[in-house]
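Below is one structure; the comments refer to it alone.
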Amino acid sequence: MDRHDGSDIDPADQWVLDPETGDYRLRLDSDAPPAPTVPRQGGRRARREEQRPAPAPAPAPGGRRRAGAATPRKAKRSTKRKVLMWTAGTLGFVLLAGSTGAWLLYRHLDGNIATVDVGTAGSKQVTSKDAVNILVIGTDSRKGLGVKYGDAGSVGHADTTILFHVAKDRSNATAMSIPRDMVTGIPDCPTKQKDGSTKTIPATPQGQFSPRFNESLGQEGRDPGCTMRTVTKITGIPVDHFVLVNFEAVKTLSTAVGGVPVCLTHPIKDTTPEGEGSHLDLPAGPNKVQGEQALAFVRTRHSLKNGSDLDRIDLQKQFLGSMIRQMKSGDTLTDPTKLFKLANAATKSLTVDTGIGGVAKLTDLAKDLSRVDPEHITFTTLPVKDNPAEGKNHATVVVDDTRAPALFKAIKSDVSLTKAKKKPATADSKLRGAKADPSQVRVLIHNGGGPQRAAQDTLEWLRNTKGVTHSTNGGNAPGGKQDRTILEYAPDQADQARALAAMMGLPATALHPGAADAEPGADMTLTLGGDYRGAGTPLADPDRLPDDIPQSRADKEECVG
C-alpha cells in the first residue's frame, strides 16, 4: 500500500483556505499565528483612488510653470501608464499566488490518498462510455485505534461491502450490499508485494461453515483485489475499481457534512460489554448522527431484531442514502470551507486502486458518476438464505441460487430497479386454457447444463410425485450446454406445456412453441440449462426480479430498525 504520508512535507503544503477572506494563507503550526494572507486585488474604492490623476502643480507667478513641471497631458499619460503597470503587476501576483495556493492545496489532498495495485482485478480506465462497477469496502481494521472498538489486533476484513453499479447511460445506479457472513469460496488471488513481486494466495474452496466473505480481505494477506475477484466470481459482474474506507471515514465524513439524518422505527440501546458492540443509544423517530455516534449507527447489530449482519445492512443503506442527499442538498458542495473539509476528510480516509489514485482521477470519476439522480439510485442486498449447515439462526448465510441470478442479470443488463416493478407475462398468462392431466403429459428430458444426474432426477421426481408417467431420459442435450432451461412443444401440445410449466415452476420465457402440430404420441422436449437447480425447485424468470428483493431509494427518507 502506497501513501504519500507527508513525512517529508514541505511547509508550503500548509496553505489553507481562510473562510473569512476566501484567500489561501500559510499556517505552519495550528497554534502559531497565521501568516499574512495572499492579498486580493484592490476594491473599487482603491482602484478609483489609484486611477485618479494627481492634481496638476500650481503655475508659477506670472503664469509660468515651475521648472521641471510636466504639462497636464504628459502628467496624465504618465500617471495612466504607471497605474496600468501597477494594476497588471498586482493582478499577475495575485493570479500567481492564487495558482500556487490551489496547486499546494491540490498537492495536500493528493498526498492524502493511499493506493493499492490490484493488477488485472480492476480497470486502468478512470471513466468510460460503458457501465462502471465500483466496490466500496468498509474495513474493520482497528489499526491505531487501540481497544476502543475491540480486537485491536484485527488485520482488517471486508466488514461492509457494497457493489455500486452505474448504468452505461448514467440513467440509474444500483448499490448491492454483500453480507459479510456469507459462506462462499475465495478464488486464487495474485497480490503485489512491497518489493514489486507478485505473490499468489491460493484459493479457499467453499465449505459448510467457511470461508466467510469478509475473509476475502486481510486473511492470509489478501488485498482489496482479492475481494474484487471474489465478487466477480459470485456475481459474474466485473469490478472496475475499489474504494476502501476505515472507521475514521464514517466519523469524519458525517461530521464534514454537518451530520446525517436517520430514522428508527424502534429505539436502539446497545448494552454489550465494554470493548464489544457499538453502544449506540438512539430513540425511535428522526435523529441526526455524526462522528462517534454515526460510526456506532453503522456498526450496531447486537441490539437489532436478529442481531445479525442482515439487519445492520438495512441501517447502513439508510445512512448512505441519507448522506448522498445531505451532500447534494444545501450548500455543502458550494461552500468553499465545507467543501475543503469534506475533501480533506474524504481523501484522508480513502484507499483506492491505482487506476483512480489521485485527486484528478477521483474528481473525473466523481463528475461522471454524479450524473445519476438520487431518485434512480437503488439500494438492495444480495439474495441469501440461511446456511443449511447451521439452521435458521442467521449466523451464516449462503447465496440463494433461486433468486440471486435474476438480480445479477438485472444489474449486468443496466436494468433500473426503480423501474423494475412491472411484472412480465407468466406461463399461465402466456398459455391460457386448460391443463392436461399429468398422465397425458409426454416429455423427453435432456441435461443441457444442469447438475449431474439432472435429467434422471427430474424424471424420477415427475413420475413419483407428479404422476407424469410418460417421461423419458434423453441424456445429454444434442446441442451441448446452454444457460437457460427450455421447453419445446407443438401447438396441439399447449395443454401439456401448461401442465408441465405449472408443475416445475417454469417462467414464460422458458416456453418455446413450434410452428406445426406434433405427430400422434410425440413427446415435448425439455432441456435443462445452467439455471436449473434441482428437481422441484422453481426457475426464476431471468427478466423478472423476485418480489421479495429488498429495495430502497437514495431520494426517499425511510425509517428502519
#### Entry: Spatial distance of atom CD (Gln219) from atom SG (Cys189) [nearest 0.5 Å]
13.0 Å

### Message
Could you tell me if Thr396 and Arg180 have a donor-acceptor pair between their side chains, going purely by distance under 3.5 Å?
### Response
no

### Query
Does the pair Lys168/Asp414 count as a salt bridge with the N-to-O cut at 4.0 Å?
no

### Message
To the closest 0.5 Å, what do you measure between CG (Asn246) and CG (Asp159)?
### Response
12.0 Å

### Message
Using a 3.5 Å distance criterion without hydrogens, assess whether the side chain of Ser216 forms a donor-acceptor pair with backbone atoms of Phe213.
### Response
yes

### Message
Could you walk me through whether Val372 and Val166 satisfy the side-chain contact (heavy atoms from CB on, under 4.5 Å) test, starting with their C-alpha distance in whole Å, then the side-chain angles of each, then the deciding distance to 0.1 Å, before giving a yes or no?
### Response
CA-CA 8 Å; Val372 184; Val166 184; 3.7 Å; yes

### Message
Can you list everything that forms a side-chain contact (heavy atoms from CB on, under 4.5 Å) with Thr378? Sequence neighbours excluded, please.
### Response
Leu417, Thr418, Gln551, Arg553

### Message
Has Ser210 got a side-chain atom pairing as donor or acceptor with Arg212's backbone, closer than 3.5 angstrom?
### Response
no

### Query
Is the side chain of Ser197 donor-acceptor paired with the backbone N or O of Gln193 at a distance under 3.5 Å, no angle test?
no

### Query
Would Arg170 and Asp368 pass as an ion pair if we require N to O under 4.0 Å?
yes

### Summary
Nearest heavy-atom contact between Val257 and Gln326 is O-NE2, 3.4 Å

Show me, pair by pair, the donor-acceptor contacts under 3.5 angstrom made by side chains of residues 313-322, not counting sequence neighbours?
residue	atom	partner	partner atom	Å
Gln316	NE2	Thr160	OG1	3.1
Gln316	NE2	Val298	O	2.9
Lys317	NZ	Thr381	OG1	3.0
Gln318	OE1	Cys263	N	3.4
Gln318	NE2	Cys263	O	2.9
Gln318	NE2	Glu558	O	2.3
Ser322	OG	Pro261	O	2.5

### Message
Please check this pair: side chain of His165 against backbone of Thr174, looking for a donor-acceptor N/O pair closer than 3.5 Å.
### Response
no

### Candidate pair Thr139 and Val245, rule side-chain contact (heavy atoms from CB on, under 4.5 Å), full reasoning
CA-CA 6 Å; Thr139 174; Val245 296; over 6 Å; no

### Task
Step by step, work out the side-chain contact (heavy atoms from CB on, under 4.5 Å) result for Val183 and Gln206.
CA-CA 7 Å; Val183 176; Gln206 180 175 343; 3.9 Å; yes

### Task
Test Arg312 against Ser177 for side-chain hydrogen bond (donor to acceptor under 3.5 Å, both in side chains), laying out the working first.
CA-CA 11 Å; Arg312 178 171 62 174; Ser177 295; over 6 Å; no

### Task
Would you mind reporting whether Thr347 and Asp110 have side-chain heavy atoms less than 4.5 Å apart?
no

### Task
Please say whether more than 12 non-hydrogen atoms of neighbouring residues, nucleotides or ligands are located less than 6.0 Å from CG in Asp188.
yes

### Message
Set out, in order, the CA-CA distance, both residues' side-chain angles and the distance that settles side-chain hydrogen bond (donor to acceptor under 3.5 Å, both in side chains) for Glu215 and His157, then state yes or no.
### Response
CA-CA 6 Å; Glu215 295 175 32; His157 297 98; over 6 Å; no

#### Entry: Leu407 and Leu382, any side-chain heavy atoms less than 4.5 Å apart
no

### Task
Mind listing the closest non-hydrogen atom pair of Pro187 and Ala203 along with its distance?
C-CB, 3.6 Å

### Message
Taking the basic N atoms (NZ, or NE/NH1/NH2) and the acidic carboxylate oxygens, is any pair closer than 4.0 Å for Lys361 and Asp364?
### Response
no

### Query
Val399 and Ile234: side-chain contact (heavy atoms from CB on, under 4.5 Å), yes or no, with the steps?
CA-CA 8 Å; Val399 175; Ile234 295 170; 4.0 Å; yes

### Intermediate values then yes/no, side-chain hydrogen bond (donor to acceptor under 3.5 Å, both in side chains), Asn112 and Asn344
CA-CA 8 Å; Asn112 284 345; Asn344 196 42; 3.1 Å; yes

